[in-house]
Amino acid sequence: MSTQHIICEKIGCCGVITLDRPQALNALTLEMVTGLAAALDSYAADREIASVVIRSNNPRAFCAGGDIKQLYELGRAGKQADQMAFFRAEYRLCRQISLFPKPYVALVDGIAMGGGAGISLHGTHRVAGEALAFAMPEVGIGFFPDVGGTYFLPRLPGRFGTYVALTGSPIGLADALGLGLMTAHVPAARFDALVARFSKGENVDAAIAAESAAAPASPLLQQRHFVDGCFGAPSVAAILEEIDEASYAGSAFGMATFETIQSRSPTSLAIALRQLQLGPTLDLDAALRLEYRIADRVTRGHDYAEGVRAVLIDKDRKPNWDPADIEKIKPAEIEAYFVPLAEGELEFSTLAGTA
(Lines give C-alpha, C1' and ligand atoms only; values in the text may rest on other atoms or scores of the structure.)
Protein backbone atom coordinates (compact mmCIF):
# COMPACT_ATOMS: atom_id res chain seq x y z
CA MET A 1 0.00 0.00 0.00
CA SER A 2 2.97 2.32 0.35
CA THR A 3 3.25 5.14 -2.15
CA GLN A 4 5.55 8.07 -2.65
CA HIS A 5 5.91 10.01 0.60
CA ILE A 6 3.74 7.56 2.58
CA ILE A 7 4.89 4.30 4.18
CA CYS A 8 2.05 1.94 5.07
CA GLU A 9 2.79 -1.10 7.21
CA LYS A 10 1.00 -3.81 9.11
CA ILE A 11 2.78 -4.31 12.41
CA GLY A 12 1.05 -7.04 14.34
CA CYS A 13 -2.48 -5.85 15.09
CA CYS A 14 -1.73 -2.27 14.08
CA GLY A 15 -1.86 -0.51 10.75
CA VAL A 16 0.91 2.09 10.73
CA ILE A 17 1.04 5.02 8.31
CA THR A 18 4.23 7.08 8.29
CA LEU A 19 4.33 10.43 6.51
CA ASP A 20 7.61 10.47 4.60
CA ARG A 21 8.17 13.81 2.92
CA PRO A 22 10.61 15.38 5.37
CA GLN A 23 12.02 18.03 3.03
CA ALA A 24 8.54 19.59 2.78
CA LEU A 25 7.60 19.03 6.43
CA ASN A 26 5.15 16.37 5.16
CA ALA A 27 3.04 18.90 3.28
CA LEU A 28 0.26 16.94 1.63
CA THR A 29 0.00 16.35 -2.10
CA LEU A 30 -2.95 14.84 -3.94
CA GLU A 31 -1.04 11.58 -4.25
CA MET A 32 -0.46 11.49 -0.50
CA VAL A 33 -4.12 12.17 0.25
CA THR A 34 -5.35 9.46 -2.09
CA GLY A 35 -2.73 7.09 -0.69
CA LEU A 36 -3.95 7.73 2.83
CA ALA A 37 -7.55 7.09 1.79
CA ALA A 38 -6.61 3.80 0.13
CA ALA A 39 -4.62 2.68 3.17
CA LEU A 40 -7.55 3.38 5.47
CA ASP A 41 -9.89 1.41 3.22
CA SER A 42 -7.50 -1.53 3.39
CA TYR A 43 -7.04 -1.33 7.16
CA ALA A 44 -10.79 -1.05 7.72
CA ALA A 45 -11.37 -4.26 5.77
CA ASP A 46 -8.54 -6.20 7.46
CA ARG A 47 -9.97 -8.11 10.42
CA GLU A 48 -6.50 -8.57 11.90
CA ILE A 49 -6.03 -4.81 12.27
CA ALA A 50 -7.35 -3.53 15.60
CA SER A 51 -6.11 0.05 15.38
CA VAL A 52 -4.40 2.49 13.03
CA VAL A 53 -1.58 4.93 13.77
CA ILE A 54 -0.49 7.88 11.67
CA ARG A 55 2.88 9.40 12.44
CA SER A 56 5.78 11.36 10.93
CA ASN A 57 9.36 10.43 10.20
CA ASN A 58 10.44 14.03 10.79
CA PRO A 59 10.85 15.27 14.37
CA ARG A 60 10.32 18.85 13.19
CA ALA A 61 6.83 18.30 11.86
CA PHE A 62 3.87 16.00 11.87
CA CYS A 63 2.35 17.71 8.83
CA ALA A 64 2.66 21.34 7.75
CA GLY A 65 -0.65 21.21 5.85
CA GLY A 66 -1.49 20.98 2.19
CA ASP A 67 1.24 21.79 -0.31
CA ILE A 68 -0.01 25.33 -0.86
CA LYS A 69 2.89 26.31 -3.12
CA GLN A 70 2.03 23.46 -5.48
CA LEU A 71 -1.65 24.41 -5.43
CA TYR A 72 -0.77 28.06 -6.01
CA GLU A 73 1.22 27.12 -9.12
CA LEU A 74 -1.73 25.11 -10.44
CA GLY A 75 -3.91 28.18 -10.04
CA ARG A 76 -1.39 30.41 -11.80
CA ALA A 77 -1.31 27.92 -14.68
CA GLY A 78 -5.09 28.15 -15.01
CA LYS A 79 -5.59 24.61 -13.71
CA GLN A 80 -8.37 25.42 -11.26
CA ALA A 81 -9.96 21.99 -11.67
CA ASP A 82 -6.70 20.31 -10.67
CA GLN A 83 -6.38 22.61 -7.69
CA MET A 84 -9.92 21.78 -6.56
CA ALA A 85 -9.29 18.05 -7.05
CA PHE A 86 -6.89 18.28 -4.11
CA PHE A 87 -9.41 19.97 -1.85
CA ARG A 88 -12.10 17.50 -2.86
CA ALA A 89 -9.88 14.55 -1.98
CA GLU A 90 -8.62 16.17 1.23
CA TYR A 91 -12.10 16.98 2.54
CA ARG A 92 -13.31 13.49 1.70
CA LEU A 93 -10.35 12.09 3.62
CA CYS A 94 -11.29 14.17 6.67
CA ARG A 95 -14.76 12.63 6.56
CA GLN A 96 -13.33 9.16 6.06
CA ILE A 97 -11.17 9.56 9.16
CA SER A 98 -14.15 10.78 11.19
CA LEU A 99 -16.11 7.66 10.22
CA PHE A 100 -13.24 5.19 10.51
CA PRO A 101 -14.57 2.12 12.33
CA LYS A 102 -11.45 1.42 14.40
CA PRO A 103 -9.33 3.51 16.78
CA TYR A 104 -7.35 6.04 14.75
CA VAL A 105 -4.37 7.39 16.66
CA ALA A 106 -2.45 10.42 15.42
CA LEU A 107 1.00 10.79 16.97
CA VAL A 108 1.55 14.51 16.63
CA ASP A 109 4.84 16.22 17.42
CA GLY A 110 6.36 19.36 15.96
CA ILE A 111 4.45 21.41 13.40
CA ALA A 112 0.83 20.46 12.78
CA MET A 113 -0.96 23.04 10.66
CA GLY A 114 -3.97 23.19 8.35
CA GLY A 115 -4.14 19.86 6.59
CA GLY A 116 -2.16 18.38 9.47
CA ALA A 117 -5.17 19.18 11.64
CA GLY A 118 -7.42 17.47 9.10
CA ILE A 119 -5.58 14.15 9.31
CA SER A 120 -5.39 14.21 13.10
CA LEU A 121 -8.30 16.03 14.74
CA HIS A 122 -11.01 13.93 13.08
CA GLY A 123 -9.60 10.72 14.54
CA THR A 124 -10.50 9.14 17.86
CA HIS A 125 -7.14 9.78 19.56
CA ARG A 126 -4.70 12.69 19.18
CA VAL A 127 -1.50 12.03 21.09
CA ALA A 128 0.82 15.02 21.33
CA GLY A 129 4.56 15.15 21.86
CA GLU A 130 6.29 17.90 23.82
CA ALA A 131 7.32 19.89 20.73
CA LEU A 132 3.80 20.27 19.35
CA ALA A 133 3.16 23.51 17.45
CA PHE A 134 -0.45 23.40 16.28
CA ALA A 135 -2.02 26.18 14.23
CA MET A 136 -4.74 27.06 11.76
CA PRO A 137 -2.76 29.86 10.07
CA GLU A 138 -4.79 30.20 6.87
CA VAL A 139 -5.99 33.80 7.35
CA GLY A 140 -2.33 34.83 7.12
CA ILE A 141 -2.11 33.65 3.50
CA GLY A 142 -5.49 34.90 2.30
CA PHE A 143 -7.17 31.52 2.75
CA PHE A 144 -9.53 30.34 5.52
CA PRO A 145 -9.58 27.64 8.24
CA ASP A 146 -10.74 24.56 6.33
CA VAL A 147 -10.38 20.74 6.73
CA GLY A 148 -13.45 20.83 8.94
CA GLY A 149 -12.48 23.93 10.91
CA THR A 150 -16.04 25.17 10.44
CA TYR A 151 -17.08 22.15 12.52
CA PHE A 152 -14.37 21.61 15.13
CA LEU A 153 -13.32 25.18 15.95
CA PRO A 154 -16.73 26.36 17.26
CA ARG A 155 -16.75 23.29 19.51
CA LEU A 156 -13.67 24.35 21.44
CA PRO A 157 -14.31 25.84 24.90
CA GLY A 158 -15.82 29.30 24.98
CA ARG A 159 -14.67 31.54 22.13
CA PHE A 160 -11.27 29.94 21.72
CA GLY A 161 -12.20 28.56 18.30
CA THR A 162 -12.69 32.09 17.05
CA TYR A 163 -9.39 33.12 18.62
CA VAL A 164 -7.58 30.25 16.90
CA ALA A 165 -9.21 31.04 13.55
CA LEU A 166 -8.64 34.81 13.55
CA THR A 167 -5.11 34.87 14.92
CA GLY A 168 -3.62 31.75 13.34
CA SER A 169 -1.24 31.76 16.31
CA PRO A 170 0.58 28.54 17.22
CA ILE A 171 -0.78 26.44 20.06
CA GLY A 172 1.66 24.48 22.19
CA LEU A 173 1.25 21.20 24.02
CA ALA A 174 -0.33 22.51 27.21
CA ASP A 175 -2.82 24.71 25.38
CA ALA A 176 -3.71 22.01 22.84
CA LEU A 177 -4.54 19.63 25.67
CA GLY A 178 -6.43 22.29 27.59
CA LEU A 179 -8.56 23.13 24.56
CA GLY A 180 -9.20 19.49 23.71
CA LEU A 181 -7.40 19.66 20.38
CA MET A 182 -5.16 16.87 21.63
CA THR A 183 -6.40 14.06 23.84
CA ALA A 184 -3.20 12.91 25.57
CA HIS A 185 0.50 13.67 25.98
CA VAL A 186 3.10 11.00 25.38
CA PRO A 187 6.76 12.05 25.11
CA ALA A 188 7.89 11.69 21.50
CA ALA A 189 10.66 9.35 22.62
CA ARG A 190 7.92 6.92 23.72
CA PHE A 191 5.98 6.94 20.43
CA ASP A 192 7.65 3.75 19.23
CA ALA A 193 6.88 2.03 22.52
CA LEU A 194 3.26 3.07 22.16
CA VAL A 195 3.07 1.62 18.64
CA ALA A 196 4.61 -1.59 19.97
CA ARG A 197 1.81 -1.85 22.53
CA PHE A 198 -0.80 -1.37 19.81
CA SER A 199 0.89 -4.00 17.66
CA LYS A 200 0.43 -6.54 20.45
CA GLY A 201 -3.29 -5.84 20.59
CA GLU A 202 -3.35 -3.82 23.81
CA ASN A 203 -6.42 -1.70 24.41
CA VAL A 204 -5.71 1.68 22.84
CA ASP A 205 -6.86 3.77 25.80
CA ALA A 206 -4.96 1.64 28.29
CA ALA A 207 -1.81 1.70 26.18
CA ILE A 208 -1.90 5.50 25.86
CA ALA A 209 -2.54 5.87 29.59
CA ALA A 210 0.45 3.65 30.34
CA GLU A 211 2.78 5.82 28.25
CA SER A 212 1.26 9.21 29.10
CA ALA A 213 3.06 11.97 30.95
CA ALA A 214 1.67 14.95 32.81
CA ALA A 215 1.54 18.24 30.93
CA PRO A 216 1.80 21.75 32.39
CA ALA A 217 -1.27 23.90 32.87
CA SER A 218 -2.53 25.81 29.85
CA PRO A 219 -1.50 29.48 29.86
CA LEU A 220 -3.99 30.24 27.09
CA LEU A 221 -6.92 29.02 29.18
CA GLN A 222 -5.94 31.61 31.76
CA GLN A 223 -6.98 34.20 29.16
CA ARG A 224 -10.51 32.81 28.89
CA HIS A 225 -12.16 35.89 30.37
CA PHE A 226 -10.43 38.07 27.77
CA VAL A 227 -11.12 35.67 24.87
CA ASP A 228 -14.76 35.11 25.72
CA GLY A 229 -15.32 38.80 26.32
CA CYS A 230 -13.75 39.97 23.05
CA PHE A 231 -14.29 37.22 20.50
CA GLY A 232 -18.05 36.97 20.90
CA ALA A 233 -18.61 40.28 19.11
CA PRO A 234 -20.63 40.02 15.87
CA SER A 235 -18.02 41.32 13.42
CA VAL A 236 -14.27 41.39 13.03
CA ALA A 237 -14.29 45.17 13.44
CA ALA A 238 -16.24 44.84 16.68
CA ILE A 239 -13.88 42.14 17.94
CA LEU A 240 -10.92 44.41 17.27
CA GLU A 241 -12.66 47.22 19.16
CA GLU A 242 -13.17 44.94 22.15
CA ILE A 243 -9.54 43.83 22.04
CA ASP A 244 -8.36 47.42 21.72
CA GLU A 245 -10.32 48.42 24.81
CA ALA A 246 -8.87 45.48 26.75
CA SER A 247 -5.39 46.48 25.62
CA TYR A 248 -5.89 50.01 26.94
CA ALA A 249 -6.78 48.38 30.25
CA GLY A 250 -3.27 46.94 30.32
CA SER A 251 -3.55 43.56 28.64
CA ALA A 252 -0.23 42.68 26.98
CA PHE A 253 -1.90 39.57 25.59
CA GLY A 254 -4.57 41.81 24.11
CA MET A 255 -2.04 44.10 22.46
CA ALA A 256 -0.25 41.18 20.83
CA THR A 257 -3.54 39.66 19.71
CA PHE A 258 -4.69 42.95 18.19
CA GLU A 259 -1.48 43.34 16.18
CA THR A 260 -1.64 39.74 14.97
CA ILE A 261 -5.20 40.02 13.69
CA GLN A 262 -4.45 43.35 12.04
CA SER A 263 -1.76 41.65 9.94
CA ARG A 264 -4.17 39.06 8.49
CA SER A 265 -6.25 39.27 5.32
CA PRO A 266 -9.41 41.24 6.15
CA THR A 267 -11.43 39.18 3.68
CA SER A 268 -10.17 35.93 5.18
CA LEU A 269 -10.93 37.18 8.68
CA ALA A 270 -14.51 37.99 7.72
CA ILE A 271 -14.95 34.60 6.06
CA ALA A 272 -13.48 32.80 9.07
CA LEU A 273 -15.74 34.59 11.53
CA ARG A 274 -18.79 33.75 9.45
CA GLN A 275 -17.69 30.10 9.43
CA LEU A 276 -17.49 30.11 13.21
CA GLN A 277 -20.94 31.69 13.45
CA LEU A 278 -22.51 29.04 11.21
CA GLY A 279 -20.49 26.07 12.44
CA PRO A 280 -22.40 25.17 15.63
CA THR A 281 -25.49 24.29 13.57
CA LEU A 282 -23.64 22.13 11.02
CA ASP A 283 -22.50 18.52 11.08
CA LEU A 284 -19.11 17.67 9.60
CA ASP A 285 -20.50 16.77 6.17
CA ALA A 286 -22.27 20.10 5.85
CA ALA A 287 -19.20 21.96 7.12
CA LEU A 288 -16.93 20.32 4.55
CA ARG A 289 -19.38 21.01 1.72
CA LEU A 290 -19.47 24.64 2.79
CA GLU A 291 -15.69 24.84 2.89
CA TYR A 292 -15.42 23.39 -0.59
CA ARG A 293 -17.60 26.22 -1.90
CA ILE A 294 -15.45 28.78 -0.13
CA ALA A 295 -12.23 27.18 -1.38
CA ASP A 296 -13.45 27.26 -4.98
CA ARG A 297 -13.99 30.99 -4.70
CA VAL A 298 -11.11 32.02 -2.46
CA THR A 299 -8.52 30.28 -4.66
CA ARG A 300 -9.65 32.48 -7.57
CA GLY A 301 -9.25 35.69 -5.54
CA HIS A 302 -6.61 38.34 -5.00
CA ASP A 303 -5.77 37.80 -1.34
CA TYR A 304 -5.02 34.09 -1.72
CA ALA A 305 -2.54 34.70 -4.53
CA GLU A 306 -1.04 37.67 -2.74
CA GLY A 307 -0.82 35.91 0.62
CA VAL A 308 0.91 32.84 -0.81
CA ARG A 309 3.30 35.08 -2.73
CA ALA A 310 4.22 37.11 0.35
CA VAL A 311 4.56 34.23 2.79
CA LEU A 312 5.68 31.24 0.71
CA ILE A 313 7.08 32.47 -2.62
CA ASP A 314 8.86 35.81 -2.23
CA LYS A 315 8.81 35.51 1.58
CA ASP A 316 8.82 39.26 2.07
CA ARG A 317 5.87 38.87 4.46
CA LYS A 318 4.40 42.13 3.21
CA PRO A 319 1.11 41.16 1.58
CA ASN A 320 -0.97 43.89 -0.05
CA TRP A 321 -4.48 42.85 0.96
CA ASP A 322 -7.43 44.11 -1.08
CA PRO A 323 -9.29 45.56 0.65
CA ALA A 324 -6.74 46.36 3.33
CA ASP A 325 -9.32 47.73 5.77
CA ILE A 326 -11.79 45.40 7.48
CA GLU A 327 -14.29 48.28 7.59
CA LYS A 328 -14.54 48.22 3.78
CA ILE A 329 -15.80 44.64 3.62
CA LYS A 330 -19.53 44.32 3.09
CA PRO A 331 -21.48 41.40 4.62
CA ALA A 332 -23.12 40.61 1.29
CA GLU A 333 -19.70 40.14 -0.30
CA ILE A 334 -18.79 37.59 2.36
CA GLU A 335 -22.08 35.73 2.10
CA ALA A 336 -21.37 35.21 -1.61
CA TYR A 337 -18.53 32.85 -0.69
CA PHE A 338 -20.96 30.52 1.09
CA VAL A 339 -23.75 30.04 -1.45
CA PRO A 340 -23.98 26.78 -3.45
CA LEU A 341 -21.80 26.45 -6.52
CA ALA A 342 -23.41 26.61 -9.93
CA GLU A 343 -21.93 23.15 -10.55
CA GLY A 344 -19.45 20.75 -9.02
CA GLU A 345 -20.57 20.66 -5.38
CA LEU A 346 -18.64 18.37 -3.03
CA GLU A 347 -20.32 14.98 -2.78
CA PHE A 348 -19.70 12.02 -0.48
CA SER A 349 -20.27 8.31 -0.75
CA THR A 350 -23.37 7.12 1.08
CA LEU A 351 -21.37 4.26 2.59
CA ALA A 352 -20.26 4.91 6.16
CA GLY A 353 -16.52 4.85 6.64
CA THR A 354 -15.69 5.67 3.02
CA ALA A 355 -14.86 8.90 1.28
Side-chain angles (χ1 to χ4, degrees), residues 5 19-30 32-33 36 54-72 86-87 90-91 93-94 97 106-123 126-153 156 160-177 179-182 188 220 260-261 263-265 268-269 271-272 275-276 288 291 294-295 298-299 304 307-308 310-313 315 317 319:
H5 305 314
L19 302 176
D20 185 32
R21 197 185 178 206
Q23 74 283 3
L25 302 179
N26 292 327
L28 298 171
T29 64
L30 178 59
M32 292 171 71
V33 169
L36 284 168
I54 183 167
R55 63 185 181 180
S56 166
N57 68 350
N58 183 349
R60 289 184 57 206
F62 170 69
C63 173
D67 191 331
I68 296 296
K69 288 176 67 175
Q70 185 181 89
L71 296 171
Y72 167 84
F86 171 81
F87 291 111
E90 184 184 34
Y91 296 175
L93 176 62
C94 291
I97 292 169
L107 302 181
V108 189
D109 197 39
I111 297 168
M113 297 184 179
I119 59 173
S120 58
L121 294 191
H122 297 296
R126 288 92 64 192
V127 178
E130 58 275 17
L132 175 71
F134 176 94
M136 297 295 288
E138 293 84 359
V139 293
I141 59 166
F143 200 57
F144 66 98
D146 65 336
V147 294
T150 305
Y151 176 82
F152 64 74
L153 288 174
L156 297 185
F160 279 107
T162 307
Y163 167 85
V164 171
L166 299 191
T167 64
S169 297
I171 305 293
L173 169 64
D175 294 330
L177 287 170
L179 295 178
L181 292 163
M182 297 290 127
L220 186 57
T260 297
I261 295 175
S263 71
R264 307 315 193 192
S265 158
S268 293
L269 290 170
I271 291 171
Q275 289 176 255
L276 273 288
L288 290 169
E291 290 171 7
I294 302 171
V298 166
T299 53
Y304 172 69
V308 174
V311 176
L312 300 175
I313 307 299
K315 299 182 180 180
R317 296 194 172 272

Is any side-chain heavy atom of [X] less than 4.5 Å from a side-chain heavy atom of [Y]?
X	Y	result
Val311	Arg317	yes
Val298	Ile271	yes
Phe134	Val108	no

*Give the ring-plane orientation class for His122 versus Phe152, where under 30° counts as parallel, over 60° as perpendicular and anything between as tilted.*
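Perpendicular.
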*Measure up the Tyr91 and Phe87 rings against each other and bin them: parallel (under 30°), tilted (30 to 60°), perpendicular (over 60°).*
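Taking Phe87 first and then Tyr91, their aromatic rings sit tilted (interplane angle of 30° to 60°).
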Atom [atom1] of [X] and atom [atom2] of [Y]: how far apart are they, to the nearest 0.5 Å?
X	Y	atom1	atom2	result
Thr150	Ile294	OG1	CD1	5.5 Å
Leu269	Thr162	CG	OG1	11.5 Å
Met32	Ile119	CE	CD1	7.0 Å
Leu107	Phe62	CG	CZ	8.0 Å
Ile171	Met182	CD1	CE	10.5 Å
Asn58	Arg21	CG	CZ	12.0 Å

Main chain of [Y], side chain of [X]: is a donor-acceptor contact present, judged purely on distance under 3.5 Å?
X	Y	value
Arg126	Gly180	yes
Ser268	Phe143	yes
Gln70	Thr29	no
Glu130	Ala188	yes
Asp109	Ala131	yes

*Thr260: what forms a side-chain contact (heavy atoms from CB on, under 4.5 Å) with it, not counting sequence neighbours?*
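Testing Thr260 for side-chain contact (heavy atoms from CB on, under 4.5 Å), a comparison that skips the adjacent residues, returns Thr167, Ser169, Arg264.
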Could you report the tightest heavy-atom contact between [X] and [Y], atom names first, then the distance?
X	Y	result
Gly161	Leu276	C-CD1, 3.9 Å
Ile111	Met113	CG2-CG, 3.7 Å
Leu173	Ala128	CD1-CB, 3.6 Å
Ala135	Pro170	CB-CA, 3.9 Å
Phe86	Leu28	CE1-O, 3.5 Å
Val147	Gly114	CG2-O, 3.4 Å

*asked:* Walk me through whether Asp146 and Glu90 qualify under side chain to side chain contact (heavy atoms under 4.5 Å, CB included).
replied: CA-CA 10 Å; Asp146 65 336; Glu90 184 184 34; 4.1 Å; yes
*Report the C-alpha separation of Ile54 and Ile97 in whole Å, then their side-chain angles, then the decisive distance to 0.1 Å, and conclude whether the side chain to side chain contact (heavy atoms under 4.5 Å, CB included) test is met.*
CA-CA 11 Å; Ile54 183 167; Ile97 292 169; over 6 Å; no
*Applying side chain to side chain contact (heavy atoms under 4.5 Å, CB included), run through Phe160 and Asp175 and close with a yes or a no.*
CA-CA 11 Å; Phe160 279 107; Asp175 294 330; over 6 Å; no
*Identify, with sequence neighbours excluded, every residue that meets side-chain hydrogen bond (donor to acceptor under 3.5 Å, both in side chains) alongside Ser120.*
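Ser120: no side-chain hydrogen bond (donor to acceptor under 3.5 Å, both in side chains) contacts found.
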*Using the side chain to side chain contact (heavy atoms under 4.5 Å, CB included) rule, take Leu121 and Tyr151 through it: C-alpha gap first, then chi angles, then the decisive distance, then the call.*
CA-CA 11 Å; Leu121 294 191; Tyr151 176 82; over 6 Å; no
